[in-house]
Amino acid sequence: MSTSQQTGIALKAITSDDNLFAYATGSLSLAKHVMITCQAEISDKVSQKIGLFETIAASALEDVETVSLSDNFMDNVIKALPARHAVEQDNLKTTGLAPRTLRNILGHGLKDMKWKSLVPGVAVHDVLGNRRYEESDRIYLLKAKGGMQMPLHGHKGEEWSLVLTGSYTVGDQTFLPKVVQKVVGI
Amino acid sequence: LNTVHGNGTAEDIVQDVMIKVWTGAHKFDPAKASFATWVYRITRNRWIDHQRKHGRMDVRDPELMKIIADDEVSSAEVNFMSQQDAEILREQIQRLSEPQQMAIRMAFMEFKTHKQISEETGVPLGTVKTRIRSAIQVLKSNMSRHLGDV
C-alpha cells in the first residue's frame with residue numbers, strides 16, 4: 001500500500017511528531033492522512049501520540065470564543081438529518097489483513113480485490129486519487145508474487161509504504177509489515 | 001470554526017458535525033476518547049472533506065467520500081486522559097506564552113498549516129514551527145505525570 005507523488009531507496013519513519021501533529025490538525029493530504037490513520041490502527045504508540053495532540057486540540061476547543069449561528073441553523077440541521085433507519089451501521093468485518101480504514105475505503109477486504117496487472121507478477125489496485133492529477137497524492141495497493149524482482153524504476157515525488165502482508169527488499173533495506181515507512185530520493 | 005473561510009463555510013461544517021454526532025452516536029466509545037476529542041476528530045475530518053471537495057483532488061471518485069465519513073473512532077485505543085486530567089491540560093495550555101497559544105489555536109482551531117500561520121502572522125516559518133514544538137514539549141513535560149510515556 002503506497003502513496004506517491006522520487007526515485008530513491010533511503011528509508012525514514014514517517015511517524016515523527018511533526019507529521020503526527022500535521023495529521024491531528026488535518027494538514028496532511030488525504031492520502032497521507034489515510035496512511036497515518038492505518039498506522040494508528042496498528043501501532044498503540046502512534047495512536048497514543050495522535051491521541052495526545054487531539055486531546056490538546058479538544059481542550060483548546062473549550063476556550064474558543066463562541067459565535068452565534070444563523071436563525072435557521074437548527075431547522076437546516078433537522079431537515080438534513082437522514083431517516084431513522086438510515087443511521088450509520090458498520091457492517092464491515094472487523095478483522096483481516098487490511099486496516100479498518102482501508103476496508104472502509106475499499107468497501108471490502110483484500111480477498112475481494114479486483115487487481116489489474118502492472119507487470120508480469122505484479123498487480124495494482126488504485127485506491128485514492130487519479131493518475132491524471134499528478135499534483136495530488138494518491139494511494140494504491142500492490143500485490144507481488146513471492147521471490148520476484150521488480151524491474152528498476154523510479155517514482156515522481158515522495159513514496160510512503162505500508163506492507164500489509166509479506167515483505168520486500170530495496171537495496172539493503174527490508175520493508176516489514178505494520179510500519180509505514182518513507183522512501184526518499186538519494 | 002468562525003474563522004474558517006467565512007461564516008457560511010463554518011456553518012456548513014458545524015451542520016455536518018452535528019448530523020455526524022447524531023447519526024454516529026452509537027460509534028462513540030468513552031473508553032477510547034472523551035466526547036470533546038471525538039467531536040474534534042469529526043470536525044477535523046469534515047474540514048478535510050470540505051478541502052477535498054473544494055480542492056484539486058478528483059471528486060468524481062465516490063470511494064473518496066467514505067474514508068472521511070468512517071474514520072472518527074479509530075485513533076486511540078484507550079482514552080488515556082481522565083476528565084480531571086483534561087482540566088489540568090486546559091490550565092497548562094492557558095499557561096503557555098501568548099505566541100505559543102496563538103500558534104496552537106491557529107493550528108488546531110483554524111486548521112492552518114505552519115506555512116499559513118507564518119503568512120498570516122508575519123512570523124518566520126521556522127519560528128512558528130519552534131513555537132508549536134516547544135508548546136507541545138512543555139505540555140508533554142508538564143503532563144507527564146498524568147500521561148505516562150507518550
Side-chain angles (χ1 to χ4, degrees), chain A residues 17-18 21-22 24-30 33-34 37 40-41 44-45 47-67 69-70 73-74 76-77 80-82 86-90 99-102 104-107 127-130 132-133 135-137, chain B residues 2 7 10-11 14-15 18-19 22-24 26-27 33-34 36-37 39-41 44-45 47-48 51-52 55-58 61 63-64 66-71 74-81 86 89-90 93-94 104-105 107-109 111-114 129 132-133 136 139-140 143 147 150:
Chain A
D17 275 6
D18 282 353
F21 180 86
T25 60
S27 304
L28 293 176
S29 70
L30 182 59
H33 190 89
V34 170
T37 302
E41 283 185 47
D44 283 348
K45 195 171 178 71
S47 71
Q48 284 180 352
K49 278 190 175 182
I50 292 170
L52 171 64
F53 293 144
E54 291 173 336
T55 303
I56 293 171
S59 295
L61 197 63
E62 305 272 358
D63 294 320
V64 168
E65 189 183 341
T66 58
V67 294
L69 295 163
S70 59
F73 175 79
M74 278 311 295
N76 291 337
V77 170
L81 278 174
V87 170
E88 294 173 27
Q89 296 295 331
D90 185 355
R100 180 177 178 275
T101 299
L102 180 60
N104 275 333
I105 300 171
L106 296 170
V127 179
L128 285 182
N130 190 305
R132 285 171 293 178
Y133 291 74
E135 71 274 23
S136 297
D137 286 355
Chain B
N2 59 315
N7 285 339
E11 278 211 9
V14 173
Q15 179 176 313
M18 287 195 71
I19 291 169
W22 185 277
T23 60
H26 62 291
K27 292 182 178 180
S34 70
T37 303
V39 171
Y40 172 78
R41 287 179 190 155
R44 177 200 57 206
N45 291 345
W47 167 240
I48 294 171
Q51 284 183 297
R52 184 192 59 74
R56 290 179 295 181
M57 290 197 77
D58 184 6
D61 185 347
E63 300 296 348
L64 285 172
K66 292 184 181 176
I67 178 58
I68 297 303
D70 292 311
D71 71 345
S74 60
S75 289
E77 284 302 313
V78 176
N79 178 18
F80 53 87
M81 192 172 290
L89 174 61
R90 197 174 156 194
I93 293 171
Q94 290 170 341
I104 291 283
R105 202 180 304 122
F108 282 131
M109 299 297 102
F111 303 118
K112 292 196 164 77
T113 64
H114 293 167
K129 288 182 178 179
I132 289 174
R133 283 179 187 153
I136 296 295
L139 293 174
K140 270 188 183 176
M143 294 299 294
L147 297 174
V150 175

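Just so it is clear: chains get the letters A, B, ... in the order the sequence lines come, proteins before strands, and each one is counted from 1. Keep in mind that the numbers below use all heavy atoms, side chains included, and drop hydrogens, waters and symmetry copies.
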Checking heavy atoms, do the side chain of [X], its backbone, both or neither come under 4.5 Å from chain B?
| X | answer |
| --- | --- |
| A:Asn76 | both |
| A:Ala22 | neither |
| A:Thr66 | neither |

Quick check: closest heavy atoms across [X] and [Y], and the distance to 0.1 Å?
| X | Y | answer |
| --- | --- | --- |
| B:Tyr40 | A:Ala24 | OH-O, 2.8 Å |
| A:Arg100 | A:Glu41 | N-OE1, 2.7 Å |
| B:Gln15 | A:Val77 | CG-CG2, 3.7 Å |
| A:Ala40 | A:Ser47 | O-CB, 3.4 Å |

Task: Option that, when pairs with chain B are counted at under 4.5 Å, heavy atom only, ranks first among A:Asp18, A:Asp17, A:Thr25 - done: A:Thr25

- [ ] Identify which of A:Ala57, A:Ala80, A:Ser27, A:Ala60 forms the greatest number of heavy-atom pairs closer than 4.5 Å to chain B.
- [x] A:Ala57

Task: Part of B:Arg90 within contact of chain A (heavy atom distance under 4.5 Å) - done: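 Both backbone and side chain of B:Arg90 come within 4.5 Å of chain A.
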
Task: Engaged part of B:Ile93 at the chain A interface, taking heavy atoms whose separation is under 4.5 Å - done: side chain

TODO: Calculate, to the nearest 0.5 Å, the distance between atoms CG and OG belonging to A:Leu128 and A:Ser29 respectively.
DONE: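 That separation rounds to 9.5 Å.
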
TODO: Anything under 30° is parallel, anything over 60° is perpendicular, the rest tilted; go ahead and classify A:Phe53 against A:Phe21.
DONE: perpendicular

